[in-house]
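A short worksheet on the structure shown next.
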Amino acid sequence: MNIVFLGPPGAGKGTHAQQLMKYMNIPQISTGDMFRRAIREQTPTGMDAKRYMDKGELVPDEVVVAMVKERLAEPDCQNGYILDGFPRTVAQAEALEGIATIDVALNIDVPDEIIINRLSGRRVCAACGGTYHVSMLEGDKCPACNGELYQRDDDKPETIRTRLAVYQEKTAPLISYYREKGLLSTAVCVGTIEENYQKVLAALKTKD
Ligand code: AMP
């Protein structure tokens with residue numbers, strides 16, 4: 001099954017994609033994670049992407065599309081995948097149509113107040129990539145692997161505002177884009193992680 005996860009930053013796309021990846025045994029393809037890795041490795045793509053990411057803006061379509069195209073050609077994608085954070089513009093969705101056949105676009109619908117609270121309290125483990133909310137943490141180490149936790153630069157308040165505005169302008173139109181193609185399914189996620197995950201699983205079995 002080829003799945004696209006839609007939803008604003010902080011909707012839980014990464015969290016639920018990781019749960020689903022284990023359940024369905026298909027890879028999670030997070031363009032944000034791919035860029036963060038490229039930045040750590042100081043590749044040319046990483047250096048280019050960093051200029052946009054630090055400001056909360058989108059990396060240009062052609063850079064992202066080329067990266068995803070290469071990734072989807074790898075053997076582990078042949079039985080399906082979860083695209084997490086891609087496409088983020090109509091131009092990316094159109095380019096994706098030339099590369100892959102999408103079975104479902106799952107829209108994770110979360111109100112703005114919840115998003116802002118989640119993003120500003122989000123911490124990421126530098127070692128395993130796990131994400132946590134400060135309210136769930138007892139110390140300053142990763143509960144899963146004891147790695148160092150950090151706050152993403154783009155989770156700082158001013159950047160969060162830009163990212164939400166960019167989402168509304170550039171990415172939210174994808175909801176009607178996929179609805180018109182009959183591929184949209186919506187999970188309204190306002191509960192706990194586990195409750196929301198159950199909504200995601202249920203939404204995968206139906207279309208809106
Ligand atoms: P994420 O981890 O998905 O929130 O992505 C973090 C940042 O990476 C975004 O704010 C963008 O700057 C960049 N990025 C990730 N995916 C895309 C994409 N599909 N198109 C453009 N920029 C992206």
Side-chain angles (χ1 to χ4, degrees), residues 2-18 20-21 27-41 43-72 81-100 102 105-108 110 112 114-126 128-133 149-175 177-178 189:
N2 300 339
I3 303 167
V4 162
F5 267 12
L6 292 176
K13 298 189 297 294
T15 301
H16 298 312
Q18 285 188 7
L20 199 59
M21 164 177 88
Q28 168 204 18
I29 299 174
S30 156
T31 42
D33 284 352
M34 290 167 84
F35 285 132
R36 282 184 285 278
R37 191 174 322 122
I39 291 172
R40 279 199 301 279
E41 292 170 359
T43 68
T45 304
M47 295 299 93
D48 190 27
K50 188 174 181 343
R51 293 188 289 137
Y52 300 93
M53 290 173 73
D54 282 349
K55 289 186 276 182
E57 291 169 5
L58 294 184
V59 177
D61 289 334
E62 53 285 9
V63 177
V64 194
V65 169
M67 185 174 77
V68 170
K69 188 172 181 188
E70 211 173 284
R71 179 67 185 89
L72 293 185
Y81 42 78
I82 307 156
L83 285 168
D84 160 12
F86 180 92
R88 254 180 162 96
T89 64
V90 170
Q92 291 179 16
E94 286 168 351
L96 180 61
E97 281 182 36
I99 307 172
I102 295 305
L106 191 112
N107 180 29
I108 304 186
V110 183
D112 270 5
I114 298 186
I115 294 290
I116 292 166
N117 173 283
R118 281 201 197 148
L119 289 178
S120 51
R122 177 159 69 179
R123 296 295 178 271
V124 185
C125 174
C128 73
T131 57
Y132 305 94
H133 192 267
L149 295 174
Y150 68 96
Q151 182 174 38
R152 283 169 43 172
D153 284 339
D154 60 353
D155 282 344
K156 309 270 160 72
E158 331 72 73
T159 321
I160 291 175
R161 274 191 289 279
T162 310
R163 289 168 70 205
L164 289 175
V166 168
Y167 169 79
Q168 281 308 333
E169 188 197 331
K170 305 266 175 64
T171 311
L174 290 178
I175 296 174
Y177 178 93
Y178 282 112
C189 291

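Remember, it's 1-based here, ligands and their atoms both numbered in the order they're listed.
Only side-chain heavy atoms of D154 come within less than 4.0 Å of ligand 1; its backbone N, CA, C and O stay farther off. Residue-level proximity to ligand 1 for R36 is carried by the side chain, the only part with a heavy atom below 4.0 angstrom. Contact annotation: for V64 versus ligand 1, heavy atoms closer than 4.0 Å belong to the side chain alone.
Considering only non-hydrogen protein atoms, atom 12 (O) of ligand 1 sits nearest to E57 O, 2.5 Å. Nearest protein heavy-atom neighbour of atom 16 (N) of ligand 1: T31 OG1, 2.7 Å. Scanning the protein heavy atoms around atom 19 (N) of ligand 1, the nearest turns out to be G85 O, 2.9 Å.
Checked against a 3.5 angstrom limit, the closest N/O atoms of R152 and ligand 1 fall inside it. Close N/O approach between P9 and ligand 1 is not found [any backbone or side-chain N/O within under 3.5 Å]. Residue R88 places at least one N or O, backbone or side chain, under 3.5 Å from an N or O of ligand 1. On a distance-only criterion, V59 and ligand 1 share at least one N/O pair closer than 3.5 Å.
Residues N2 and L72 have side chains not in contact (no heavy-atom distance under 4.5 Å, counting atoms from C-beta outward).
In this structure, the side chain of T162 engages the main chain of E158 through a donor-acceptor pair within 3.5 Å. The backbone N or O of N117 lies less than 3.5 Å from a partner atom in the side chain of H133, making a donor-acceptor pair.
Taking the charged nitrogens against the carboxylate oxygens, K13 and D84 have no contact shorter than 4.0 Å, which rules out a salt bridge. Using a 4.0 Å cut-off between a side-chain N of Lys or Arg and a carboxylate O of Asp or Glu, R51 and D54 do not qualify as a salt bridge.
For the side chain to side chain contact (heavy atoms under 4.5 Å, CB included) criterion with R88, the lone passing option out of L6, L58, V59 is L58.
From L164, atom CG reaches atom CD of E169 across 13.0 Å, with rounding to the nearest 0.5 Å.
Counted by atom type alone, D154 and T159 present zero donor-acceptor pairs between their side chains at under 3.5 Å.
Considering M53, K170, Q92, R163 only, the shortest heavy-atom separation from atom 13 (C) of ligand 1 involves M53.
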